[in-house]
Enquirer: 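Below you will find the structure I want to go over with you.
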Amino acid sequence: MAVTLRSNGSVVFRCAFLVVWCTKYRRQVLGDKVGGRLTELIHEVVADKEAWLVESEVKADHVRLVVEVDPQYGVHRLVKAVKGRSSHALREEFPHLRSRLPTLWTNSYLVATVGGAQDEMVEHYLEQQQGR
(Lines give C-alpha, C1' and ligand atoms only; values in the text may rest on other atoms or scores of the structure.)
Protein backbone atom coordinates (compact mmCIF):
# COMPACT_ATOMS: atom_id res chain seq x y z
CA MET A 1 0.00 0.00 0.00
CA ALA A 2 1.48 3.31 -1.05
CA VAL A 3 0.79 6.26 1.21
CA THR A 4 2.13 9.47 -0.25
CA LEU A 5 2.73 12.96 1.02
CA ARG A 6 -0.22 15.27 0.37
CA SER A 7 -0.65 19.01 0.67
CA ASN A 8 -3.60 21.32 1.24
CA GLY A 9 -1.65 24.45 0.41
CA SER A 10 -0.37 25.20 3.89
CA VAL A 11 0.15 21.77 5.44
CA VAL A 12 2.06 18.83 4.03
CA PHE A 13 0.79 15.62 5.56
CA ARG A 14 0.61 11.86 5.47
CA CYS A 15 -2.44 10.88 7.50
CA ALA A 16 -3.66 7.40 6.62
CA PHE A 17 -6.16 5.54 8.78
CA LEU A 18 -7.68 2.10 8.98
CA VAL A 19 -11.41 2.50 9.64
CA VAL A 20 -13.77 -0.39 10.45
CA TRP A 21 -17.47 -0.27 11.31
CA CYS A 22 -20.28 -2.80 11.54
CA THR A 23 -23.92 -3.12 10.65
CA LYS A 24 -26.38 -2.90 13.53
CA TYR A 25 -26.50 -6.25 15.36
CA ARG A 26 -23.82 -7.47 12.91
CA ARG A 27 -26.64 -8.38 10.51
CA GLN A 28 -25.28 -9.77 7.27
CA VAL A 29 -27.05 -7.40 4.88
CA LEU A 30 -24.19 -6.00 2.80
CA GLY A 31 -23.98 -8.74 0.18
CA ASP A 32 -24.65 -8.61 -3.54
CA LYS A 33 -26.34 -5.41 -4.76
CA VAL A 34 -26.29 -3.66 -1.37
CA GLY A 35 -22.55 -4.17 -0.99
CA GLY A 36 -21.90 -3.04 -4.55
CA ARG A 37 -23.94 0.12 -4.08
CA LEU A 38 -22.24 0.78 -0.73
CA THR A 39 -18.85 0.60 -2.44
CA GLU A 40 -20.01 3.21 -4.98
CA LEU A 41 -21.29 5.48 -2.21
CA ILE A 42 -18.02 5.20 -0.27
CA HIS A 43 -16.07 6.26 -3.37
CA GLU A 44 -18.46 9.20 -3.94
CA VAL A 45 -18.28 10.52 -0.37
CA VAL A 46 -14.52 10.15 -0.08
CA ALA A 47 -14.09 12.07 -3.34
CA ASP A 48 -16.62 14.74 -2.27
CA LYS A 49 -14.74 15.29 0.99
CA GLU A 50 -11.42 15.55 -0.85
CA ALA A 51 -9.95 12.53 0.91
CA TRP A 52 -8.27 9.53 -0.70
CA LEU A 53 -9.46 5.94 -0.61
CA VAL A 54 -6.44 3.65 -0.50
CA GLU A 55 -8.25 0.34 0.11
CA SER A 56 -11.81 -0.75 0.71
CA GLU A 57 -13.46 -4.02 1.63
CA VAL A 58 -17.17 -4.57 2.21
CA LYS A 59 -18.05 -7.79 4.02
CA ALA A 60 -21.58 -9.00 4.76
CA ASP A 61 -21.61 -7.36 8.21
CA HIS A 62 -18.82 -4.78 8.26
CA VAL A 63 -16.78 -2.29 6.25
CA ARG A 64 -13.02 -1.90 6.30
CA LEU A 65 -11.32 1.11 4.69
CA VAL A 66 -7.88 2.61 4.51
CA VAL A 67 -8.27 6.32 3.87
CA GLU A 68 -6.00 9.33 3.75
CA VAL A 69 -7.55 12.46 5.24
CA ASP A 70 -6.49 16.08 5.44
CA PRO A 71 -5.72 16.63 9.16
CA GLN A 72 -7.63 19.91 9.06
CA TYR A 73 -10.75 18.02 7.98
CA GLY A 74 -10.34 15.02 10.25
CA VAL A 75 -11.10 11.34 10.05
CA HIS A 76 -14.16 11.61 12.32
CA ARG A 77 -15.92 13.99 9.95
CA LEU A 78 -15.15 11.72 7.00
CA VAL A 79 -16.48 8.59 8.74
CA LYS A 80 -19.59 10.46 9.86
CA ALA A 81 -20.22 11.60 6.28
CA VAL A 82 -19.72 8.12 4.79
CA LYS A 83 -21.89 6.38 7.38
CA GLY A 84 -24.61 9.04 7.20
CA ARG A 85 -24.92 9.30 3.45
CA SER A 86 -24.62 5.55 2.88
CA SER A 87 -27.22 4.70 5.53
CA HIS A 88 -29.71 7.17 4.10
CA ALA A 89 -29.18 6.13 0.48
CA LEU A 90 -29.12 2.38 1.08
CA ARG A 91 -32.25 2.41 3.23
CA GLU A 92 -34.03 4.42 0.52
CA GLU A 93 -32.86 2.20 -2.34
CA PHE A 94 -33.28 -1.14 -0.51
CA PRO A 95 -36.50 -0.99 1.57
CA HIS A 96 -35.85 -4.41 3.13
CA LEU A 97 -33.06 -2.75 5.17
CA ARG A 98 -35.62 -0.51 6.89
CA SER A 99 -37.70 -3.46 8.00
CA ARG A 100 -34.74 -5.51 9.28
CA LEU A 101 -32.83 -2.82 11.17
CA PRO A 102 -33.72 0.26 13.22
CA THR A 103 -30.54 1.88 11.84
CA LEU A 104 -28.03 0.50 9.36
CA TRP A 105 -24.83 1.13 11.32
CA THR A 106 -23.75 0.89 14.94
CA ASN A 107 -22.72 4.20 16.49
CA SER A 108 -19.15 3.05 17.00
CA TYR A 109 -16.21 2.48 14.70
CA LEU A 110 -12.56 1.55 14.96
CA VAL A 111 -9.94 3.97 13.71
CA ALA A 112 -6.19 3.38 13.85
CA THR A 113 -3.25 4.91 12.12
CA VAL A 114 -1.90 2.76 9.32
CA GLY A 115 0.93 0.63 10.55
CA GLY A 116 -0.39 0.63 14.10
CA ALA A 117 -3.40 -1.62 13.60
CA GLN A 118 -2.88 -5.31 14.11
CA ASP A 119 -5.27 -7.93 12.78
CA GLU A 120 -5.94 -9.01 16.37
CA MET A 121 -7.16 -5.49 17.22
CA VAL A 122 -9.65 -5.55 14.33
CA GLU A 123 -10.88 -9.03 15.30
CA HIS A 124 -11.32 -7.91 18.92
CA TYR A 125 -13.36 -4.89 17.81
CA LEU A 126 -15.56 -7.00 15.55
CA GLU A 127 -16.23 -9.50 18.35
CA GLN A 128 -17.29 -6.66 20.69
CA GLN A 129 -19.87 -5.48 18.12
CA GLN A 130 -21.87 -8.70 18.33
CA GLY A 131 -25.43 -7.81 19.33
CA ARG A 132 -25.07 -4.04 19.16
Side-chain angles (χ1 to χ4, degrees):
M1 168 183 52
V3 179
T4 60
L5 286 176
R6 309 271 185 195
S7 174
N8 64 13
S10 60
V11 177
V12 176
F13 58 90
R14 189 178 107 180
C15 296
F17 300 94
L18 168 69
V19 182
V20 181
W21 70 88
C22 298
T23 58
K24 190 78 168 174
Y25 309 125
R26 296 282 310 268
R27 294 268 168 80
Q28 297 197 9
V29 296
L30 302 178
D32 302 326
K33 292 180 181 180
V34 176
R37 179 65 176 126
L38 173 58
T39 300
E40 292 173 2
L41 290 165
I42 290 168
H43 282 267
E44 289 172 14
V45 175
V46 170
D48 287 351
K49 300 303 178 186
E50 298 180 357
W52 301 268
L53 186 61
V54 178
E55 296 177 10
S56 67
E57 181 178 36
V58 175
K59 295 287 191 174
D61 64 351
H62 69 277
V63 177
R64 185 178 184 148
L65 306 177
V66 175
V67 292
E68 293 182 58
V69 184
D70 184 326
Q72 293 179 323
Y73 184 74
V75 69
H76 172 74
R77 288 174 64 192
L78 178 66
V79 173
K80 184 177 175 182
V82 171
K83 288 174 74 175
R85 190 181 311 173
S86 65
S87 178
H88 179 77
L90 292 174
R91 289 165 59 86
E92 283 292 314
E93 294 173 29
F94 301 95
H96 71 277
L97 294 176
R98 290 193 305 259
S99 64
R100 293 206 54 208
L101 297 166
T103 61
L104 184 57
W105 308 119
T106 61
N107 289 332
S108 69
Y109 62 92
L110 167 74
V111 64
T113 56
V114 169
Q118 304 298 320
D119 288 338
E120 297 85 26
M121 182 189 333
V122 173
E123 291 305 316
H124 178 72
Y125 169 77
L126 292 172
E127 287 171 12
Q128 287 183 325
Q129 297 306 302
Q130 205 68 346
R132 283 189 168 198

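Remember, it's a predicted structure, so these values are computed and weren't measured experimentally. Every heavy atom of this structure was used, including side-chain atoms; hydrogens, water molecules and symmetry mates were not.
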Enquirer: Checking side-chain contact (heavy atoms from CB on, under 4.5 Å) against Leu65, which of Val111, Leu78, Ile42 comes through?
Expert: Ile42
Enquirer: Is there a side-chain contact between His62 and Leu126 (heavy atoms, below 4.5 Å)?
Expert: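 SC-SC contact between His62 and Leu126 confirmed.
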Enquirer: If you apply the rule side chain to side chain contact (heavy atoms under 4.5 Å, CB included), what do you find for Glu92 with Arg98, and how did you get there?
Expert: CA-CA 8 Å; Glu92 283 292 314; Arg98 290 193 305 259; 4.3 Å; yes
Enquirer: Do the non-hydrogen side-chain atoms of Leu101 and Val29 ever get within less than 4.5 Å of each other?
Expert: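 Yes, close enough: below the 4.5 Å cut-off.
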Enquirer: Looking only at side chains, do Tyr109 and His76 share a donor and an acceptor under 3.5 Å apart?
Expert: yes
Enquirer: Is the NE2 atom of His88 crowded by more than 12 outside heavy atoms at less than 6.0 Å?
Expert: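 No, because the 6.0 Å sphere around NE2 of His88 holds 12 heavy atoms or fewer from other groups.
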Enquirer: Salt bridge or not between Asp48 and Arg85? Use side-chain N to carboxylate O under 4.0 Å.
Expert: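 Arg85 and Asp48: salt-bridged.
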Enquirer: Less than 4.5 Å apart, any side-chain heavy atom of Leu18 and any of Arg64?
Expert: yes
Enquirer: Give the C-alpha distance, both sets of side-chain angles, the deciding distance and a yes or no for side chain to side chain contact (heavy atoms under 4.5 Å, CB included) between Val67 and Val54.
Expert: CA-CA 5 Å; Val67 292; Val54 178; over 6 Å; no
Enquirer: Surrounding CD of Glu93 (heavy atoms of other residues, nucleotides or ligands, distance under 6.0 Å), is the total greater than 12?
Expert: yes
Enquirer: Testing the basics here: between Val69 and Tyr73, what is the closest heavy-atom pair and its distance to 0.1 Å?
Expert: CG1-CD2, 4.2 Å
Enquirer: With side chain to side chain contact (heavy atoms under 4.5 Å, CB included) as the criterion, how do Phe17 and Thr113 come out once you've worked through the C-alpha distance, each side chain's angles and the decisive distance to 0.1 Å?
Expert: CA-CA 4 Å; Phe17 300 94; Thr113 56; 4.0 Å; yes
Enquirer: Is there a donor-acceptor contact under 3.5 Å linking the side chains of Tyr125 and Ser108?
Expert: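 Side chains of Tyr125 and Ser108: pair found under 3.5 Å.
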Enquirer: Check this for me, if you would: do Glu68 and Arg6 make a salt bridge, where the nitrogen-to-carboxylate-oxygen distance has to be below 4.0 angstrom?
Expert: yes
Enquirer: What I'd like to find out is whether the side chain of Arg91 reaches to under 4.5 Å of the side chain of Leu104, using heavy atoms alone.
Expert: yes
Enquirer: What orientation do Trp52 and Phe13 show, parallel under 30°, tilted 30 to 60°, or perpendicular over 60°?
Expert: tilted
Enquirer: Answer yes or no: is there a donor N or O on one side and an acceptor on the other, between the side chain of Arg77 and the main chain of Lys49, under 3.5 Å?
Expert: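 Answer holds: no.
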Enquirer: Would you compute the distance between atom CD of Glu123 and atom CD of Gln128 and round it to the nearest 0.5 angstrom?
Expert: 12.0 Å
Enquirer: Does Thr23 reach the side chain of Thr106, with side-chain heavy atoms less than 4.5 Å apart?
Expert: no
Enquirer: Roughly how far, to the nearest 0.5 Å, is SG of Cys22 from CG of Asn107?
Expert: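 Answer rounded to 0.5 Å: 12.0 Å.
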Enquirer: Please enumerate all residues that pass side chain to side chain donor-acceptor pair (under 3.5 Å) together with Thr39, with sequence neighbours excluded.
Expert: none
Enquirer: Do the side chain of Ser99 and the main chain of His96 share a donor and acceptor less than 3.5 angstrom apart?
Expert: yes
Enquirer: Report the C-alpha separation of Arg37 and Ser86 in whole Å, then their side-chain angles, then the decisive distance to 0.1 Å, and conclude whether the side chain to side chain contact (heavy atoms under 4.5 Å, CB included) test is met.
Expert: CA-CA 9 Å; Arg37 179 65 176 126; Ser86 65; over 6 Å; no
Enquirer: Kindly indicate whether the side chain of Glu57, heavy atoms from C-beta on, has any atom under 4.5 Å from the side chain of Lys59.
Expert: yes
Enquirer: Got a sec, which pairs hit salt bridge (Lys or Arg N to Asp or Glu O under 4.0 Å) with one end in residues 15-36, sequence neighbours left out?
Expert: Arg26-Asp61
Enquirer: Is there side-chain contact between Val34 and Val58, with at least one heavy-atom pair below 4.5 Å?
Expert: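 No - every pair of side-chain heavy atoms lies 4.5 Å or more apart.
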Enquirer: Nearest heavy-atom pair of Leu90 and Leu97: which atoms, and what distance?
Expert: O-CD1, 3.7 Å
